[in-house]
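So the structure is just underneath, and the comments pick up after that.
Below, chains carry the letters A, B, ... as their sequence lines are ordered, and counting in each starts from 1. Given the structure is predicted, the values throughout are model-derived calculations rather than measurements.
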Number of protein chains: 2
Amino acid sequence: MSTTPAVEDYLKTIYAHTEWQPEPITPSVLAARLGVAPSSVTEMVKKLAGAGLITHVPYGPLRLTPAGFLGASAVVRRHRLVETWLVREMGYDWDQVHDEAEILEHALSDRLLEAIDVRLGRPGSDPHGDLIPAADGSLVRVPAIRLADAAPGHAGTVLRISDRDPAILRDLAADSIGPGSALTVLESCAVRLPGGSIRLLAPDAAASIWLTK
Amino acid sequence: MSTTPAVEDYLKTIYAHTEWQPEPITPSVLAARLGVAPSSVTEMVKKLAGAGLITHVPYGPLRLTPAGFLGASAVVRRHRLVETWLVREMGYDWDQVHDEAEILEHALSDRLLEAIDVRLGRPGSDPHGDLIPAADGSLVRVPAIRLADAAPGHAGTVLRISDRDPAILRDLAADSIGPGSALTVLESCAVRLPGGSIRLLAPDAAASIWLTK
DNA sequence: TTCGGGCTTTCGGCCTGCCTAAATCTCGGC
DNA sequence: GCCGAGATTTAGGCAGGCCGAAAGCCCGAA
């Protein structure tokens with residue numbers, strides 16, 4: 001089976017789902033994430049399973065096989081390296097890179113990717129704080145906790161901010177909150193910044209931020 | 001009509017055909033250039049004509065409308081800026097950039113293109129010597145003559161080398177002939193370089209090289 | 001234990017872009 | 001003026017990805 005942009009998007013989305021929590025993804029969630037109808041997912045799932053990229057029992061959740069994990073890692077690696085490049089060299093802000101990377105991730109050759117990786121000094125994480133898989137799919141895990149799940153009083157620095165919703169990224173950037181920011185959690189939706197100022201976060205935003213443990 | 005990669009490729013190829021000679025392109029030539037069957041061209045021609053991008057009378061040649069010219073210019077601009085960027089910043093040689101640009105030209109946003117253009121200092125020509133259209137489709141023409149058509153004794157510098165055939169580009173690069181090289185034509189397929197050394201060129205290569213008049 | 005709502009799958013269809021094979025047209029040579 | 005080679009178009013099909021509607025499955029609540 002050929003690895004089309006659609007295949008890459010499905011693999012990437014399945015991969016992303018289990019990156020920060022253990023539950024495998026279900027077809028309906030995958031459909032919602034991709035913005036396609038559930039029946040489209042059923043169809044593609046057959047193809048991916050037939051190609052040995054995912055495992056799937058009817059009516060059950062979806063899991064990447066080792067081969068699928070490798071393929072997904074490659075797409076995620078391309079996406080995150082592109083994001084890092086856009087911010088470091090092309091004048092993008094970290095909350096503006098997602099859509100561009102979404103397209104370029106399907107268009108870069110291995111050679112160009114390697115050239116970008118070298119230019120950037122083989123970065124380990126992207127502008128949102130997400131880890132960049134190595135070419136073999138390996139990455140260094142860091143213990144993290146969702147801000148929304150952190151106990152009041154918890155202090156930590158922002159490790160990553162999910163890039164799923166661009167509006168959240170914009171709002172946080174406007175609030176001067178980004179990867180590396182030090183925060184103290186007051187309650188689930190309020191935080192104190194180093195200067196002492198207090199920010200009230202939308203529940204969505206609080207669920208998108210991951211802090212050091 | 002949406003502007004898909006296929007549409008962009010058709011427009012770009014029609015544009016390229018009349019860039020260095022005046023005859024409009026025929027469906028069969030277009031099919032050969034694109035590597036598709038003639039019937040596929042007929043089909044797409046209907047769509048492009050219906051969208052007002054080309055004019056076409058049945059069994060006749062194809063011509064870009066002003067709208068089609070603008071669309072084609074945009075694709076060509078993206079292609080050539082990408083080639084220039086790959087050579088100047090990403091360590092590619094000028095005979096290696098075509099295939100990568102062929103894909104990236106469909107993937108860059110206007111914003112990223114502008115950033116690249118600015119970084120490169122708004123170059124007027126790409127690594128093969130081809131002119132880069134401005135955003136409005138305009139470009140500065142330079143009088144040129146095909147090496148294969150030049151009279152013996154004609155001396156000039158290489159303005160451009162058609163990037164159609166990668167093998168030709170490789171061979172010429174190995175012979176140290178590239179855009180900017182000074183040449184004296186001995187006969188249609190032999191040239192003298194500044195050092196006095198003489199090169200015999202394949203007819204294909206001689207037809208791919210354009211010299212100053 | 002049964003039932004119903006929600007999730008998943010099946011089914012039939014649509015669109016793009018490509019193909020081959022079979023018309024059909026054009027035009028130069030005789 | 002006719003004819004045939006070559007170019008173009010038509011017709012019928014295929015694969016990838018998507019859709020909505022309808023059928024099927026699963027599991028928790030009663």
Can you list the residues that meet the side-chain contact (heavy atoms from CB on, under 4.5 Å) rule with [X], with sequence neighbours excluded?
| X | answer |
| --- | --- |
| A/R88 | A/T84, A/L120, A/P123 |
| B/T18 | none |
| A/I25 | A/I14, A/H17, A/V29, A/L30, A/L62 |

Holding to ring pair (Phe, Tyr, Trp, His ring centres under 6.0 Å), I want the full list of residues that pass it with B/Y15, two or more places apart in sequence or in another chain.
B/F69
What's touching nucleotides 20-23 of chain C from the protein side, N or O pairs under 3.5 Å?
from: C/dT20; atom 1: O4; to: B/S39; atom 2: OG; distance (Å): 2.7

Does any pair with a residue in residues 101-113 of chain A pass side-chain hydrogen bond (donor to acceptor under 3.5 Å, both in side chains), and if so which ones, sequence neighbours excluded?
A/E8-A/H106, A/D9-A/H106, A/K12-A/E102, A/K12-A/E105, A/H79-A/E105, A/H98-A/E102, A/S109-B/E100, A/R111-B/Q96
What's touching nucleotides 15-17 of chain D from the protein side, N or O pairs under 3.5 Å?
from: D/dG17; atom 1: OP1; to: A/T4; atom 2: OG1; distance (Å): 2.2
from: D/dG17; atom 1: OP2; to: A/K47; atom 2: NZ; distance (Å): 3.4

Output all residues satisfying side-chain hydrogen bond (donor to acceptor under 3.5 Å, both in side chains) with B/D95, sequence neighbours left out; order by chain, then residue number.
none
Partners meeting side-chain hydrogen bond (donor to acceptor under 3.5 Å, both in side chains) with A/S2 (sequence neighbours left out)
none
Please list residues of residues 17-36 of chain A whose heavy atoms come under 4.0 Å from any atom in DNA chain D, ordered by number; otherwise none.
A/G35, A/V36
Which pairs would a plain distance check flag for residues 44-55 of chain A, meaning a side-chain donor or acceptor within less than 3.5 Å of a matching protein atom at least two apart in sequence or in another chain?
none

Taking atom C1' of C/dT16 as reference, at what distance in whole Å does atom NE2 of B/H106 sit?
15 Å
Nearest-angstrom distance from the residue atom NZ of B/K46 to P of C/dG17:
14 Å
Sorted by chain and residue number, the salt bridge (Lys or Arg N to Asp or Glu O under 4.0 Å) partners of A/R122 (sequence neighbours excluded) come out as A/E114, A/D117
Smallest separation among heavy atoms of A/L147 and A/V185, with atom names:
CG-CG2, 4.3 Å
